[in-house]
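Read the structure below first, then the notes.
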Amino acid sequence: MRDRGLDVRIKSARESAYHIRMGVLEQGEAQGEGYVGQALGAADLLAVAYTDQMRLDPADPQWEDRDRFLLSIGHYALAVYSALAEVGTIPREELTTYAADGSRLPMSGMSTYTPGMEISGGSLGHGLGVAVGTALGLRHRGKDRPLVINLLSDGELDEGSTWEAAMSANHFQVGNLIAVVDMNGMQADGRTEDVLRNEPQTERWESFGWHAQRVDGNDVAALIRAFDAAADQASATGRPHVIIADTVLGKGVPMLESREKLHFMKIAEDEWPLCKDQLTTGHLSDETQEDLR
């Protein structure tokens, strides 16, 4: 995918981010609630990871040489389901079964249910440790290229096990590991800075031996450049990489961006069409502005 021109890649990823956000709203509407704010905020980084960076075989989610995306924050699952639908691993019409009885798309990500979901998430603090083990396992199998991308949250940085894993990644020099931290500033009990201050992030990761970049997590062009830089340096051995991505909860839907930042959103039935209209209007406006440049 990186053999295309940068402008083409940016335009394509932005279109995918719009589709991912719409899929998030479709899932939320089917349930009437969900972790919608986080999923909308993370849509740009998922679009870049899944449609611009990762080597995947949508028809074979277990392809041995695939890049791995490990969702540590299991409640973001509806965003990953939408990304999996965007690349063709699951049918898009299946999104409306989100969190329903018998669905392959449970509210928290589970590898035993969903094709393309690499690990089961939910108990925060486990994902980075699993990612380190996955990267080591690939090295022991003689695999040099497959990337291991782990999405975790700023609230998850409260967990001591995350920092144990960060130390391990540097100790074992798993250079094919890219951690992505969604810095949306909120967690279940309130603002992240009020629950447990965790800045400065860039300097902290660098002190643990990581190559660190901090970007606007809702800027597709900045994300592509950050992923390119990490992937270009990725190897079976070497410094692990982290992309610290500052995102906005509810991004793309102004009525949700300005709403009180709830960890779990319950949205009225008559508000879902308004959310979709705002998303589409904003996307078309952004496209028009880009065409005029």
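Start at 1 with the first residue, then count along the sequence.
Taking CG of Leu196 as the reference point, atom CG of Asn198 lies at 7.0 Å (rounded to 0.5 Å). To the nearest 0.5 Å, atom CD of residue Gln187 and atom CG of residue Leu124 are 9.0 Å apart. Here the CG atom belonging to Leu71 is positioned 10.0 Å from the OG atom belonging to Ser153, to the nearest 0.5 angstrom. Between the CZ atom in Arg225 and the CD atom in Gln213 there is a gap of 10.5 Å [rounded to 0.5 Å]. Between Leu95 atom CG and Leu25 atom CG the span is 11.5 Å, to the nearest 0.5 Å. Here CD1 of Ile20 is found 11.0 Å from CD of Glu15. Values are rounded to the nearest 0.5 Å.
A heavy-atom distance below 4.5 Å is not found between the side chains of Leu46 and Tyr76. Residues Gln173 and Asn170 form a side-chain contact, since some pair of their non-hydrogen atoms from C-beta on lies under 4.5 Å apart. The shortest side-chain heavy-atom distance between Gln38 and His263 falls under the 4.5 Å cut-off. Residues Tyr18 and Asp286 fail the side-chain proximity criterion, which asks for heavy atoms closer than 4.5 Å. Under the 4.5 Å side-chain criterion, counting only non-hydrogen atoms from C-beta, Leu274 is in contact with Met255. Counting heavy atoms from C-beta outward, Gln201 and Glu206 have side chains that stay 4.5 Å or more apart.
Scanning both residues, Ala231 and Leu147, for their nearest heavy atoms gives CB-CD1, 4.3 Å. Nearest heavy atom pair, residue Asp154 against residue Asn184, reads OD2-N, 3.3 Å. Considering every non-hydrogen atom in both Pro115 and Pro61, the closest pair reads CB-CG, 4.0 Å. The two atoms that bring Met117 and Tyr81 nearest to each other are CE-CE2, 3.5 Å, heavy atoms only. Between Asp65 and Arg68, the shortest heavy-atom distance links the atoms C-NH1, 4.2 Å. Across all their heavy atoms, Met54 and Phe69 have their closest contact at CE-CB, 3.6 Å.
Taken together through direct or relayed side-chain contacts under 4.5 Å among Ile, Leu, Val, Met, Phe, Trp and Tyr, Ile73 and Val195 form parts of separate hydrophobic clusters. Cluster membership for Val80 and Met110, using ILVMFWY side-chain heavy atoms within less than 4.5 angstrom, is not shared. When the side chains of ILVMFWY residues are joined at heavy-atom separations under 4.5 Å, either directly or via intervening members, Met22 and Leu284 end up in two distinct hydrophobic clusters.
For Arg9 (side chain) and Arg4 (main-chain N/O), no donor-acceptor pair under 3.5 Å exists by modelled atom type. When atom types are taken as modelled, the side chain of Gln27 and the backbone of Gly23 share a donor-acceptor pair closer than 3.5 angstrom. Distance alone, capped at 3.5 Å, places no donor-acceptor pair between the Gln31 side chain and the Gly28 backbone. A distance-only check finds a donor-acceptor pair linking the side chain of Asn218 to the backbone of Val248 [under 3.5 Å]. Judged by distance alone, the side chain of Arg139 and the main-chain N or O of Ala236 form a donor-acceptor pair under 3.5 Å. Judged by distance alone, the side chain of Gln233 and the main-chain N or O of Ala230 form no donor-acceptor pair under 3.5 Å. Judged purely by atom type and a 3.5 angstrom limit, Asn176 uses its side chain to pair as donor or acceptor with the backbone of Pro146. Ser285 places no side-chain N or O within donor-acceptor distance of the main-chain N or O of Thr281, the cut-off being under 3.5 Å. With hydrogens and angles ignored, the 3.5 Å screen pairs a side-chain donor or acceptor of Arg66 with a backbone N or O of Trp63. For the pair Thr51 (side chain) and Ser16 (backbone), a donor-acceptor distance under 3.5 Å is absent.
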Go through Val215 and Ile243 one step at a time and tell me if the side chain to side chain contact (heavy atoms under 4.5 Å, CB included) criterion holds. CA-CA 7 Å; Val215 300; Ile243 298 172; 4.0 Å; yes
For the pair Gln53 and Asp228, evaluate side-chain hydrogen bond (donor to acceptor under 3.5 Å, both in side chains) and give the outcome as yes or no after the intermediate values. CA-CA 8 Å; Gln53 295 289 322; Asp228 281 355; 2.9 Å; yes
Can Arg204 and Glu199 be said to form a salt bridge (Lys or Arg N to Asp or Glu O under 4.0 Å), step by step? CA-CA 8 Å; Arg204 182 168 298 186; Glu199 296 285 4; over 6 Å; no
Passes side chain to side chain contact (heavy atoms under 4.5 Å, CB included), Cys275 versus Leu256? Steps please. CA-CA 8 Å; Cys275 291; Leu256 299 183; 4.0 Å; yes
Output, in order, the C-alpha distance, side-chain angles, deciding distance and verdict of side chain to side chain contact (heavy atoms under 4.5 Å, CB included) for Leu105 and Ile90. CA-CA 10 Å; Leu105 313 180; Ile90 61 175; 4.0 Å; yes
Determine whether Arg104 and Thr97 satisfy the following criterion, side chain to side chain contact (heavy atoms under 4.5 Å, CB included), listing intermediate values before the conclusion. CA-CA 8 Å; Arg104 297 195 300 174; Thr97 72; over 6 Å; no
Criterion side-chain hydrogen bond (donor to acceptor under 3.5 Å, both in side chains) on His126 and Glu159, from CA distance to verdict: CA-CA 9 Å; His126 294 170; Glu159 304 287 347; over 6 Å; no
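A salt bridge links Asp246 to Arg214: one of the charged nitrogens lies within less than 4.0 Å of a carboxylate oxygen. Contact check on Glu26 versus Arg21 returns no salt bridge, with no Lys/Arg side-chain nitrogen under 4.0 Å from an Asp/Glu carboxylate oxygen.
Side-chain contact annotation: Thr247 with Asp182, donor-acceptor N/O pair under 3.5 Å present. Ser72 and Glu156 share a donor-acceptor pair across their side chains, judged by distance under 3.5 Å alone. Between Asp57 and Gln62, the side chains place no donor N or O within less than 3.5 Å of an acceptor N or O (distance only, hydrogens not considered).
Surrounding CD of Glu269 are at most 12 heavy atoms belonging to other residues, nucleotides or ligands under 6.0 Å away. No more than 12 heavy-atom neighbours from other residues, nucleotides or ligands sit within 6.0 angstrom of OH on Tyr113. When the shell of 6.0 Å around CZ of Arg197 is examined, it contains 12 or fewer heavy atoms from other residues, nucleotides or ligands.
Aromatic ring centres of Phe264 and Tyr35 lie closer together than 6.0 Å.
The other members of the hydrophobic cluster of Val148, by chain and number, are Leu70, Ile119, Leu128, Val130, Val132, Leu136, Leu138, Leu152, Leu157, Trp163, Met167, Phe172, Val174, Leu177, Val181, Met183, Trp205, Phe208, Trp210, Val242, Ile244 (side-chain heavy atoms under 4.5 Å, ILVMFWY only).
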